Undergrad: 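Just dropping this structure here.
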Amino acid sequence: MTQPPHDEPTARSQEELREQVEHTRHELGDTVQALADRADVKTRAREKAVAVREQAGAKAQEWSGQARAKAAHVAHTVEEKLPEPVKQKGAAAAQGAKEKAEQVWQAKAP
């Protein structure tokens, strides 16, 4: 009435149990870490603020680019529709302003 040796199946089942326990420990550790991260309101608020700031910056750049493109288009359209005498007067005024600025700069420069 001796029982057959069960060393090998027992060893394998013990190793499987150890692996399951180790796996469960890792899962539990991950779950605890996730809960701790959720409970850290200050850090989550900082992360959200950074994300909102980055999103706002991206939107600002996008809108700035759109505004510049629109302004360039409007300036081009206006320039096309201006009568030639008005263009000439504008160019002359711009040249006069440039010359005046150079004179003032030279007068103030040592």
Side-chain angles (χ1 to χ4, degrees):
M1 295 223 135
T2 12
Q3 295 182 349
H6 293 291
D7 291 339
E8 190 174 319
T10 304
R12 248 178 57 202
S13 63
Q14 285 179 353
E15 184 60 33
E16 288 173 357
L17 285 174
R18 283 189 186 108
E19 288 175 8
Q20 286 177 350
V21 167
E22 190 62 30
H23 180 71
T24 303
R25 283 182 184 155
H26 285 294
E27 285 182 343
L28 182 59
D30 292 344
T31 302
V32 168
Q33 184 61 47
L35 290 172
D37 291 344
R38 281 187 179 177
D40 190 0
V41 176
K42 191 174 183 180
T43 299
R44 288 178 54 207
R46 265 193 225 119
E47 290 170 352
K48 183 69 174 177
V50 167
V52 168
R53 188 179 316 122
E54 288 173 355
Q55 186 179 21
K59 280 289 182 188
Q61 284 182 339
E62 178 185 341
W63 292 342
S64 174
Q66 289 175 356
R68 284 190 182 113
K70 191 73 99 170
H73 176 70
V74 168
H76 181 69
T77 303
V78 168
E79 186 178 337
E80 286 179 344
K81 294 184 179 188
L82 278 178
E84 194 58 37
V86 174
K87 288 181 186 179
Q88 290 173 353
K89 284 183 181 179
Q95 183 62 32
K98 182 179 177 183
E99 290 171 0
K100 183 67 174 174
E102 287 176 4
Q103 290 172 359
V104 168
W105 179 255
Q106 289 175 358
K108 290 188 176 186

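All values reported here derive from a predicted model rather than from experimental measurement.
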Undergrad: For the atom pair CD (Glu27) and CD (Gln20), what is the distance rounded to the nearest 0.5 Å?
TA: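 Answer for the CD-CD pair, Glu27 versus Gln20, is 10.5 Å.
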Undergrad: Any donor-acceptor pair under 3.5 Å linking the side chain of Arg44 with the backbone of Asp37?
TA: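 No, Arg44 side chain to Asp37 backbone: no donor-acceptor pair under 3.5 Å.
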Undergrad: So how far is it from Thr77 OG1 to His73 NE2, rounded to the nearest 0.5 Å?
TA: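 If I round to the nearest 0.5 Å, the distance is 4.0 Å.
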Undergrad: Return the minimal non-hydrogen interatomic distance between Glu79 and Lys87, and the atom names on each side.
TA: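 For Glu79 versus Lys87, the nearest heavy atoms are O-CE, 2.8 Å.
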Undergrad: In terms of hydrophobic clustering (I, L, V, M, F, W, Y; side-chain heavy atoms under 4.5 Å; direct or indirect links), are Val41 and Leu35 co-clustered?
TA: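 No, separate clusters.
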Undergrad: Donor-acceptor pair, Ser64 side chain versus Ala60 backbone, under 3.5 Å?
TA: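 No, the answer is negative, given that no donor and acceptor are paired below the 3.5 Å cut-off.
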Undergrad: Assess, by modelled atom type and distance only, whether the side chains of Glu102 and Gln106 contain a donor and an acceptor separated by less than 3.5 Å.
TA: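 Note: Glu102 and Gln106 side chains miss the donor-acceptor criterion.
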Undergrad: Would you say that more than 12 heavy atoms from the other residues, nucleotides or ligands in this model lie under 6.0 Å from the CD of Gln55, or not?
TA: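 No, because the 6.0 Å sphere around CD of Gln55 holds 12 heavy atoms or fewer from other groups.
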Undergrad: Group every Ile, Leu, Val, Met, Phe, Trp and Tyr by side-chain heavy-atom contacts under 4.5 Å, then state whether Val78 and Val86 land in the same group.
TA: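 The answer is yes; both residues are in one hydrophobic cluster.
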Undergrad: Look up atom CD in Glu47 and atom CG in Asp40, then write down how far apart they are to the nearest 0.5 Å.
TA: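 Separation between the atoms: 8.0 Å.
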Undergrad: Check whether any side-chain heavy atom of Glu15 lies under 4.5 Å from a side-chain heavy atom of Arg18, and answer yes or no.
TA: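 Side-chain contact under 4.5 Å: yes.
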Undergrad: Report yes or no: do Glu19 and His23 form a side-chain donor-acceptor pair below 3.5 Å?
TA: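 Glu19 vs His23: no donor-acceptor pair found between side chains.
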